[in-house]
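Below is one structure, written out as structure tokens; comments come after it.
Order of the sequence lines sets the chain letters (A, B, ...), proteins ahead of strands, with each chain counted from 1. Values in this document were obtained by computation on a predicted structure and should not be read as measured data.
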Number of protein chains: 2
Amino acid sequence: MTSDDKPISAAASIPGQKATLHDVAERVGVSPRTVSRVVNDEGGFSSATRERVLNAINELGYRPNLLARSLITNRSNTVAFVVPVIDDPFFPEVAQGVQAAARDRGLTMFLAVTEGRLELQRQVLERMASHGIDGLILFPHAEDLDDVARFAGQGLPTVVIDDALDHPNVCVVRSDLEHGVSLAVDHLRERGRTSLAMLANEASPRRKLRRETTFRSMVPNGIVVKSPPTFEAGYRATAELLAREERFDGLFAFNDVMAAGAITAIIDSGRSVPGDISVVGCDDIEMSALLTPGLTTIRIDRERLGAEAVSRLIQLRDSVTAPPASTLTVSLVVRESS
Amino acid sequence: MTSDDKPISAAASIPGQKATLHDVAERVGVSPRTVSRVVNDEGGFSSATRERVLNAINELGYRPNLLARSLITNRSNTVAFVVPVIDDPFFPEVAQGVQAAARDRGLTMFLAVTEGRLELQRQVLERMASHGIDGLILFPHAEDLDDVARFAGQGLPTVVIDDALDHPNVCVVRSDLEHGVSLAVDHLRERGRTSLAMLANEASPRRKLRRETTFRSMVPNGIVVKSPPTFEAGYRATAELLAREERFDGLFAFNDVMAAGAITAIIDSGRSVPGDISVVGCDDIEMSALLTPGLTTIRIDRERLGAEAVSRLIQLRDSVTAPPASTLTVSLVVRESS
DNA sequence: TCGGACTACGTCAACGTTGACGTAATAGGT
DNA sequence: ACCTATTACGTCAACGTTGACGTAGTCCGA
């Protein structure tokens, strides 16, 4: 407490080795438990002690070892975010939302990609569980939710995005795509379009069917074509549709990438967008504004989707009963393609 | 070992609680240490014991607690990947490369976004260090590498992508953008373009200057305009350039998004691409193929960049001396814009 | 038949932290 | 002056795992 407390254990301040509670305690002359109390601001220490501990922490560059802390508290302050793919404009933005919301709550985010492969998803979940994550946010594998249910059953708080799973430890977050479809259809009709077609997703797990179902119910005599959700597939499907001489003047696509393919196919066939056919996409990825013509689309606020998932996850973790599913609104962005 | 080893401690098989080495050991009738040996395949056990341990592990659903393991081995089997932004076509693909390479090596990836803010980068690195990551891969903040050097100095193996940092604990991975520029310039000249311009990045930290410097040295009397690396800024810069009546028939842009803005500006001014002006971008993001006209660009293999970073990180971690910097080749992708 | 090597275990402590609990000193009320 | 609270600590064990080391039993060669 006098001026000579600096030379004490000079070796401890070598920055190469990481300091522990013990090192700090020794330097200050208190017990590690007291240092811990200061670090966690638990109270039960004098302000003088606090000051000296804080100084020592600075001098030694002490950083709490979260692994040790987690081991005893059973809280790791990590969440896993699991997506089927990442090199796609949709998921990174959701990831951004998850990451930022997690960060602001003191959580660190693991990111894993399953490539849509069930065995990879299983491996990933297994590994995440071993790492003691506090929660899981995922776009589950289309066909099989059993693994997810299993982990949730083992007590892992889970948020499922854009899918449905009824389980006390699982909360669902989704965007209101039914409403999105209705916005698109209404918009096309307002534009005077009377024969509507839809480019639906070929792989049709439960969740992807929602858009198609809504479209069919709103447009009973509409054309529905299925294709994989890629640019090329969208191009091909549209080209075939045009070649078959099917008559339609309005097209709604499952996502923007397919819509872009459709527009290219329409133009290549000598028709014009929106002159002959109006096109509406879904997602509002960044590219959509840059296309020629700019793509009218259903905007999904992906960052908010991610943030909402984190928020629900926290509620799930901290409460006994699962919070209700939450549905985010979508909106129509009108550009030149319609 | 007779048939009555099933009823023993039936309560232990409740799936709700996670089993530990002790639980498995008790069920088999050996010590936890032996179970640990089987789990880690260390040897020192009979094949009969191995069998029974493995069975018990399955029945109890035992999963090793990586936190406890890390605490003692001082290896967490996690890496952090830190990027300035994620809602940009470039970084997710690098992330994909990092993630896949990490996964294949038994590592799990933390992902953090710094939004280009130095204080966020610091916070993130601090937190990652607390989580005991085995290594760090990052696109460092443009202006300031001190933080990175500090963490590396504390013994954290670090891989810096597309930047330079001379430190025994840091390895650099980059793509050969100098060569990329030379490919672009040569290509434009082969197309008969004689007056070349470049859209450079306004914010010019050391690493971003490389393309500009190479361009200037190859095209001594070329025009160089700086602007932020966004679509709108690229549009504006190009529009101004055209309005100033500067004569150029070939344009190389810092990245594809700027190039897309440039193309739009050129077309809006009544000129044609590539009729009047050829445009070459850089990155080959997915959008580039979908633009009209398709964008000629310098392809950077982003997944490989990420995979290479992981590979270097492992070398760095497992050896005494830092491996040399590695430079990935780039290639020219010719489309309709040139 | 003995010694050395090897096999197949077990024991104990430690990693860095926090929960539970104990306790000396001081303050405050009557 | 005495009892009770409160403050400011300290002690000890535990979290689940692995490193270091010990040890009975077996095998094999001389």
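For B:Gln123, the side chain to side chain contact (heavy atoms under 4.5 Å, CB included) partners are A:Arg103, B:Leu120, B:Arg127, not counting sequence neighbours. Considering only residues two or more places apart in sequence or on other chains, A:Val310 meets the side chain to side chain contact (heavy atoms under 4.5 Å, CB included) condition with A:Val98, A:Ala101, A:Arg105, A:Ile137, A:Ile314.
Residues A:Arg69 and A:Asn40 have side chains that bring a donor and an acceptor to within less than 3.5 angstrom of each other. If you check the side chains of B:Thr78 and A:His131, you find no donor sitting under 3.5 Å from an acceptor.
The distance from atom NE2 of A:His131 to atom C1' of D:dT17 is 15 Å, rounded to the nearest whole Å. Here D:dC12 presents its P atom at 16 Å from CD1 of A:Ile72, a figure rounded to the nearest Å. Rounded to a whole Å, the CG atom of B:Asn77 is 15 Å from the P atom of D:dT17. Nucleotide C:dG19 holds its P atom 11 Å from the CZ atom of A:Arg75, rounded to whole Å. Distance, B:Arg69 CZ to C:dA14 C1': 17 Å, rounded to whole Å. The distance from atom CZ of A:Arg52 to atom P of D:dC9 is 8 Å, rounded to the nearest whole Å. C:dG16 atom P lies 13 Å from atom CD of A:Glu26, rounded to whole Å. What separates CG of B:Asn74 from C1' of D:dG19 is a distance of 13 Å, to the nearest Å.
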Please tabulate, one pair per line, each protein N/O and nucleotide N/O from nucleotides 25-28 of chain C that are separated by under 3.5 Å, including the distance.
none

Give me the distances for all protein-to-nucleotides 23-28 of chain D N/O pairs that come in under 3.5 Å?
none

Show me the protein contacts with nucleotides 7-11 of chain C, counting only N or O atoms at under 3.5 Å.
{"residue": "C:dC9", "atom": "OP1", "partner": "B:Thr49", "partner atom": "OG1", "Å": "3.4"}
{"residue": "C:dC9", "atom": "OP2", "partner": "B:Ser46", "partner atom": "N", "Å": "2.8"}
{"residue": "C:dC9", "atom": "OP2", "partner": "B:Ser46", "partner atom": "OG", "Å": "2.9"}
{"residue": "C:dC9", "atom": "OP2", "partner": "B:Thr49", "partner atom": "OG1", "Å": "2.7"}
{"residue": "C:dG10", "atom": "OP1", "partner": "B:Ser31", "partner atom": "N", "Å": "3.1"}
{"residue": "C:dG10", "atom": "OP2", "partner": "B:Ser31", "partner atom": "N", "Å": "2.7"}
{"residue": "C:dG10", "atom": "OP2", "partner": "B:Ser31", "partner atom": "OG", "Å": "2.6"}
{"residue": "C:dG10", "atom": "OP2", "partner": "B:Thr34", "partner atom": "OG1", "Å": "2.5"}
{"residue": "C:dG10", "atom": "N7", "partner": "B:Arg37", "partner atom": "NH2", "Å": "2.7"}
{"residue": "C:dG10", "atom": "O6", "partner": "B:Arg37", "partner atom": "NH1", "Å": "3.2"}
{"residue": "C:dG10", "atom": "O6", "partner": "B:Arg37", "partner atom": "NH2", "Å": "3.3"}

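For B:Asn40 and D:dT18, the shortest distance from a side-chain N or O to OP1 or OP2 is below 4.0 Å. Residue A:Thr73 places none of its side-chain N or O atoms closer than 4.0 Å to OP1 or OP2 of C:dT18.
Between B:Arg150 and B:Glu126 there is a salt bridge, since at least one side-chain N of the basic residue sits less than 4.0 Å from a carboxylate O of the acidic one. Using a 4.0 Å cut-off between charged nitrogen and carboxylate oxygen, A:Arg122 and A:Asp147 count as a salt-bridge pair.
Checked against D:dT18, D:dT17, C:dT17, the side chain of A:Leu21 finds its nearest nucleotide in C:dT17.
In this structure, B:Leu67 and B:Glu42 both approach DNA chain D, and ranking their closest nucleotides by distance from the 5' end singles out B:Leu67.
With hydrogens and angles ignored, the 3.5 Å screen pairs a side-chain donor or acceptor of B:Ser70 with a backbone N or O of B:Leu66. Using a distance-only test at 3.5 Å, with no hydrogens or angles considered, no donor-acceptor pair links the side chain of A:Gln96 to the main chain of B:Ile86. A donor-acceptor contact shorter than 3.5 Å is absent between the side chain of A:Arg27 and the backbone of A:Ala56. For the pair B:Ser130 (side chain) and A:Asn65 (backbone), a donor-acceptor distance under 3.5 Å is absent.
Heavy atoms only, all atoms of each residue included: A:Pro323 and A:Cys171 are closest at O-SG, 3.6 Å.
Defining each end axis of the helix from C:dT1-D:dA30 to C:dT30-D:dA1 as the rotation carrying four pairs' C1' atoms onto the next four, with five pairs an end, the two axes are found to diverge by 40° to 10 degrees.
Remark: B:Leu313 CG to B:Thr158 OG1 distance equals 7.5 Å, nearest 0.5 Å.
Here the two rings, on B:Phe139 and B:Phe91, have centers that are under 6.0 Å apart.
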Q: Could you walk me through whether B:Asp318 and B:Arg75 pass salt bridge (charged side-chain N to carboxylate O under 4.0 Å, His left out), step by step?
A: CA-CA 12 Å; B:Asp318 295 343; B:Arg75 277 273 179 100; 3.4 Å; yes
